[in-house]
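Predicted, not measured: the structure shown is a model, and the values here were computed from it. Letters go in sequence order (proteins before strands), and every chain restarts at 1.
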There are 2 protein chains.
Amino acid sequence: MANDRSYLASLQDYYARHRALPSYASIGTLLGLRSKSSVAALVARLKLAGYLESTPDRRLAPTSRFFARPLAATPVRAGLPDPVDDAEADAVTIDDYLIERPSSTVLVRVKGDSMQDAGILDGDLVVVEKRVSAEKGEIVVAIVDNQFTLKRLDLEGGQFVLRPENKAYPVIRPEGALEIFGVMIGLVRKL
Amino acid sequence: MANDRSYLASLQDYYARHRALPSYASIGTLLGLRSKSSVAALVARLKLAGYLESTPDRRLAPTSRFFARPLAATPVRAGLPDPVDDAEADAVTIDDYLIERPSSTVLVRVKGDSMQDAGILDGDLVVVEKRVSAEKGEIVVAIVDNQFTLKRLDLEGGQFVLRPENKAYPVIRPEGALEIFGVMIGLVRKL
DNA sequence: TAGAATAGCGAACGAACGTTCGGCGTGTCA
DNA sequence: TGACACGCCGAACGTTCGTTCGCTATTCTA
């Protein structure tokens, strides 16, 4: 039991280095287990504990718990033991947390403060899922005058309009069809 | 060539779902290739292009380029060629972008709206670099009453105070020493 | 102290793996 | 129009995979 933790740590290190889990034989070498059946037992334990799972094609894959990025919920004093098991470490790599469909997701840098009341500041990176249609209330990246514009999509008498989240800016009422580049699904800010 | 991109996209989506790459046979099923040798050729091409690599124990693994998100700068009309190959410079993984010192970096979920004027909303994840000291003007996670508090650090007559970014909240003037957990270096929001 | 539970070993096995090779069809270009 | 490169197919291959079984050694516990 107590040792499973260090085994898991080794696997986590390995995964961090290679972004793939090794085979049973390699796990054995890595952890100092000489028999694959020992590895199988270990893997079964880790699966039971929710750290590993199998993909549909029966390959070993880490679960989100496997990543255990410390998501600090309550203050942890230095010196106190780190409650690894129970305190449900969430959040994975940030990429995994934010991005569900990598192939259709892009980042767009925000210019200006027209969305600052929605907590979107100048210089932020907006995570955008490319899509040609959106619904009222979603924040969208639209193409206006051959430029990206980040605004909230709203309906005004059956007509789509782009509403900034800053009273200093006017609502944009596109003349023809509204060209939507994608929908905002997340935000990243670096200080 | 042109099709390799869509193949790659499928693999990226698969990896995002399962955190593991499928076997050659499964790749074939996934992409509609009936022969494993076709898959082998594809994999060789993707390795050459720097998207995939082999681990020491000869397992397929993604590279960091595999994860990189395109950073869209100017609007790209549908129909125009997608400048993915060359403009690879403007691609970034969010983790690399945000986190410089992984071992001392944690995520803290924001509760409440006391920092909303700084574009930090309820439910956001704050990227915090653990550190015991900070400077005036930095946004810090402090421990007050055994709870995390996210505030901007300020000086008031030689004394550190915690200033919310929301006029509805009062400035916190700690009685004894101010216990600092870390400094905010970034922010992640998922909608 | 006896018995159960827990790790681990080692060997055997069929299934799945990735590689390799020859061949096919299509598009390009001199 | 012929040669060639490319993407793919299909079959054959030796290797490696993960599973399973019986076994030992250690630790816990009643």
Side-chain angles (χ1 to χ4, degrees), chain A residues 1-15 17-63 65-66 81 84-86 103, chain B residues 1-15 17-63 65-66 79 81-86:
Chain A
M1 270 300 166
N3 233 12
D4 280 7
R5 177 130 313 120
S6 66
Y7 288 160
L8 176 62
S10 296
L11 286 180
Q12 287 167 330
D13 286 350
Y14 184 96
Y15 191 93
R17 275 201 306 282
H18 298 113
R19 292 195 198 78
L21 288 172
S23 67
Y24 279 35
S26 305
I27 293 178
T29 307
L30 195 67
L31 306 183
L33 297 175
R34 253 170 302 179
S35 169
K36 282 192 288 180
S37 61
S38 313
V39 176
L42 169 65
V43 168
R45 272 177 267 140
L46 291 180
K47 276 189 186 175
L48 207 64
Y51 289 105
L52 296 175
E53 65 185 357
S54 289
T55 65
D57 32 324
R58 313 179 65 255
R59 269 173 127 71
L60 213 51
T63 64
R65 166 176 294 211
F66 180 87
V84 180
D85 344 64
D86 46 357
S103 59
Chain B
M1 271 299 167
N3 232 10
D4 280 6
R5 176 128 318 116
S6 67
Y7 288 159
L8 176 62
S10 296
L11 285 180
Q12 287 168 329
D13 287 348
Y14 184 96
Y15 191 94
R17 274 201 307 280
H18 298 115
R19 289 184 217 83
L21 289 172
S23 67
Y24 279 34
S26 305
I27 293 178
T29 307
L30 194 67
L31 305 184
L33 296 175
R34 252 170 303 178
S35 170
K36 281 192 289 180
S37 61
S38 313
V39 176
L42 169 66
V43 169
R45 272 176 268 140
L46 291 180
K47 277 189 186 175
L48 207 63
Y51 289 105
L52 296 175
E53 65 185 358
S54 289
T55 64
D57 32 322
R58 312 175 69 253
R59 268 172 127 71
L60 211 52
T63 64
R65 166 175 294 203
F66 184 89
D82 213 322
V84 178
D85 341 65
D86 44 358

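You'll find the side chain of A:Leu21 stays beyond 4.5 Å of the side chain of A:Tyr14, heavy atoms only. When side chains are defined from C-beta on, B:Tyr7 does not count as touching B:Ile27, because their heavy atoms never get closer than 4.5 Å. Side-chain contact between B:Leu8 and B:Asp4 is absent, with no heavy atoms from C-beta onward closer than 4.5 Å. In this structure the side chain of B:Pro22 never reaches within 4.5 angstrom of the side chain of A:Thr55, judged on heavy atoms. B:Thr63 has its side chain out of reach of B:Lys47: every pair of non-hydrogen atoms, C-beta onward, lies at least 4.5 Å apart.
Listed nucleotides: C:dG8, D:dC9, C:dC9. Nearest to the side chain of B:Leu33: D:dC9. In this structure, the nucleotide among C:dC9, C:dG8, D:dC8 sitting nearest to the side chain of B:Arg45 is D:dC8.
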statement: With sugar-phosphate taken as primed atoms, P, OP1 and OP2 and all else as base, the protein-contact string of nucleotides 15-22 of chain C at under 4.0 Å (heavy atoms; B, S, -) is --BBSBB-
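The distance between atom CG of B:Leu48 and atom P of D:dC6, rounded to the nearest whole Å, is 12 Å. In this entry the distance linking CD1 of A:Ile27 with C1' of C:dG8 reads 15 Å, nearest Å.
Here A:Ser37 contributes atom OG and A:Leu42 contributes atom CG; the two are 11.5 Å apart, rounded to the nearest 0.5 Å. The line from CZ of B:Phe66 to CZ of A:Arg19 is 10.0 Å long, rounded to the nearest 0.5 Å.
Residue contacts shown for A:Leu42 are absent, as no nucleic acid heavy atom lies under 4.0 Å away.
Qualifying side-chain contact (heavy atoms from CB on, under 4.5 Å) partners for B:Ser38, counting only residues two or more places apart in sequence or in other chains: B:Leu33, B:Ser35.
End-to-end axis angle of the helix from C:dT1-D:dA30 to C:dA30-D:dT1, from C1' rotation axes over five pairs per end: 30° (rounded to 10 degrees).
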